[in-house]
2 protein chains.
Amino acid sequence: MNGIKVIIFDDNDSLRDSVAMLLGESGDFTLVGGYADCLDVRNNIRNTKPDVVIMDIDMPGINGIEAVRVIRNNFPTVQVLMLTVFDDDEKVFAAIKAGAGGYILKNAEPQNLLHAISEVYNGGAPMTPGIAKKVLHQFHDMLPEEKKDYHLSMREKEVLGLLVEGYSYKMIAGKLNITYDTVRAHMKKIYEKLHVASMTEAVAKAINQKLFPTK
Amino acid sequence: MNGIKVIIFDDNDSLRDSVAMLLGESGDFTLVGGYADCLDVRNNIRNTKPDVVIMDIDMPGINGIEAVRVIRNNFPTVQVLMLTVFDDDEKVFAAIKAGAGGYILKNAEPQNLLHAISEVYNGGAPMTPGIAKKVLHQFHDMLPEEKKDYHLSMREKEVLGLLVEGYSYKMIAGKLNITYDTVRAHMKKIYEKLHVASMTEAVAKAINQKLFPTK
DNA sequence: GTATCCATTACCAAACTTGGTAGTATCCCT
DNA sequence: AGGGATACTACCAAGTTTGGTAATGGATAC
């Protein structure tokens with residue numbers, strides 16, 4: 001008994017058997033658990049201490065994505081590999097958001113599953129090509145645009161930054177040790193440069209154009 | 001001469017030769033061009049009509065990421081596969097933003113390069129495990145948070161939405177055909193529910209919690 | 001049916017924001 | 001040395017926002 005310890009959650013009994021056989025033959029993996037539902041994930045993991053969890057999505061009771069969240073919150077070192085028939089954006093992204101470390105479709109070659117398990121165990125991110133494409137494309141669309149430069153001076157950025165954090169003119173003056181009127185002077189310049197005419201517009205623009213790391 | 005038509009941009013002559021040999025032996029690919037710089041990308045592609053472009057990043061003259069942008073803007077059907085030594089987040093994400101369809105490190109196995117070329121040609125997104133991990137993790141961090149529910153009423157959401165767009169109380173009153181004082185009443189409730197005490201904070205919170213599709 | 005939430009309006013007084021104009025001082029560039 | 005950008009200060013007047021408290025009618029919930 002050695003190698004990477006794996007457990008699987010899938011309500012399809014014969015699939016669990018196939019995986020068990022596959023892992024058994026390989027020699028590099030040990031299947032230390034197999035369950036048809038996620039009703040008792042926490043205990044299942046506490047008892048078996050796996051390195052990698054193979055997780056289906058559509059199961060009776062608690063669904064696999066919820067289970068991933070639970071696992072990642074309670075056992076941060078355990079890697080989760082999704083193994084499912086679903087390839088719709090919503091499920092894929094939800095699984096990643098929940099903390100899955102890889103996403104393989106059930107129609108993949110058995111050999112690829114073994115490879116994916118070691119990869120996810122070694123900190124990689126195995127994905128079937130179609131999934132990788134989805135992720136890459138979505139990722140592409142989400143990357144920040146070339147951010148416009150409004151030529152704000154250092155001081156102006158500082159003031160705007162505080163404004164975004166909810167500070168009033170008076171508070172900003174206090175924070176920066178300058179007078180209220182100086183803050184006003186900066187604000188006037190900022191409004192001019194951003195082409196806005198109120199605090200709310202300035203804040204909205206600053207956040208939307210990602211002028212600051214607000215989150 | 002048949003198979004997938006490939007051209008390569010890389011200032012390392014011997015690497016170009018190796019790739020040429022590799023592709024030649026495989027039978028499934030045809031190298032129809034090899035260039036040490038991207039000074040004339042557009043013509044290079046117009047003349048060779050490749051299916052896939054293999055692109056280095058660090059080259060004299062125009063850098064590979066800029067070149068990807070040019071290619072994707074002018075020849076949207078041509079797939080670009082990055083083949084470079086760089087694995088820092090900045091370059092990886094920049095390449096993806098520029099439109100690269102795959103990203104392979106130069107230390108990968110030759111066999112994997114061939115596989116990656118067909119994959120990118122077939123609409124996949126080949127990445128070396130480390131790159132896939134970077135992308136997945138960044139992607140994970142960028143996916144929208146579970147959005148909190150502040151139990152805003154319809155009307156309150158409407159008012160807050162306008163506020164985020166830069167409207168003043170008075171303007172909101174006009175837009176919604178209600179009195180100024182009614183707007184004020186809604187605002188008071190909103191502040192209470194959002195736990196804020198000024199327009200700027202409300203706007204910042206609304207945008208950051210993605211309560212509205214602002215962008 | 002009575003309690004609770006929602007949308008609406010109203011008024012007061014205090015505090016805050018905005019646009020205008022105007023001046024001083026420093027630093028960098030040519 | 002002069003031109004230009006930046007940082008700072010100041011005052012006025014008009015307009016806006018905020019926190020109170022209070023009241024009405026409608027809808028929904030138990």
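Values in this document were obtained by computation on a predicted structure and should not be read as measured data. A note on names: the letters A, B, ... follow the listed sequences, proteins ahead of strands, and every chain is numbered from 1.
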Most 5' of T200(B) and A185(B) on DNA chain D, judged by nearest nucleotide: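 This one resolves to T200(B).
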Both N177(A) and K189(A) contact DNA chain D. Taking the nearest nucleotide for each, which residue is further toward the 5' end?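 By nearest-heavy-atom nucleotide position, the 5'-most residue is K189(A).
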Between E156(B) and K188(B), just flag the one whose closest nucleotide in DNA chain C comes earlier from the 5' side.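 In this pair, the answer is E156(B).
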So what does [X] hit on the nucleic acid, given a heavy-atom distance under 4.0 Å: a base, only sugar-phosphate, or nothing?
X: T182(B); answer: base
X: T179(A); answer: sugar-phosphate
X: M199(B); answer: sugar-phosphate
X: K170(B); answer: sugar-phosphate
X: Y180(A); answer: base

Residue among V80(B), D51(B), V52(B) satisfying side chain to side chain contact (heavy atoms under 4.5 Å, CB included) with V120(B):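 The single option meeting the side chain to side chain contact (heavy atoms under 4.5 Å, CB included) with V120(B) is V52(B).
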Check this one for me: any side-chain N or O of [X] less than 4.0 Å away from OP1 or OP2 of [N]?
X: S153(B); N: dC5(C); result: no
X: R184(B); N: dT17(D); result: no
X: Y191(A); N: dT18(C); result: yes

For atom [atom1] of [X] and atom [atom2] of [N], their distance in whole Å:
X: R155(B); N: dC5(C); atom1: CZ; atom2: C1'; value: 16 Å
X: E158(A); N: dT6(D); atom1: CD; atom2: P; value: 15 Å
X: L176(B); N: dT8(C); atom1: CG; atom2: P; value: 8 Å
X: Y150(B); N: dC5(C); atom1: OH; atom2: P; value: 20 Å
X: K157(B); N: dC6(C); atom1: NZ; atom2: P; value: 11 Å
X: Y169(A); N: dC8(D); atom1: OH; atom2: P; value: 16 Å
X: M187(A); N: dG20(C); atom1: CE; atom2: P; value: 15 Å

Side chain of S168(B): nearest nucleotide among dA7(D), dT17(D), dT6(D)?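 The listed nucleotide nearest to S168(B)'s side chain is dT17(D).
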Would you mind telling me which of dT18(C), dA7(C), dC6(C) lies closest to the side-chain atoms of K193(B)?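 Nearest listed nucleotide: dC6(C).
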Is there a side-chain contact between Y103(B) and V92(B) (heavy atoms, below 4.5 Å)?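 Of all side-chain heavy-atom pairs linking V92(B) with Y103(B), at least one is under 4.5 Å.
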Results of side-chain hydrogen bond (donor to acceptor under 3.5 Å, both in side chains) for E165(B) - residues two or more places apart only: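 Not a single residue meets the side-chain hydrogen bond (donor to acceptor under 3.5 Å, both in side chains) criterion with E165(B).
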As an exercise, state the distance from CD1 of I7(B) to OG1 of T48(B), rounded to the nearest 0.5 Å.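 The OG1 atom of T48(B) is 4.0 Å from CD1 of I7(B), to the nearest 0.5 Å.
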Does atom CZ (R72(B)) have a neighbourhood of more than 12 heavy atoms from anything else shown, all under 6.0 Å?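 Yes, enclosed.
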Within 45° cone of F86(A) ring axis and under 6.0 Å: K91(A) NZ or CZ: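 Yes, cation above the ring, under 6.0 Å and within 45°.
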Would you kindly check whether a donor in the side chain of D181(A) faces an acceptor in the base of dC8(D), or vice versa, at under 3.5 angstrom?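 Answer no: no donor N or O sits under 3.5 Å from an acceptor.
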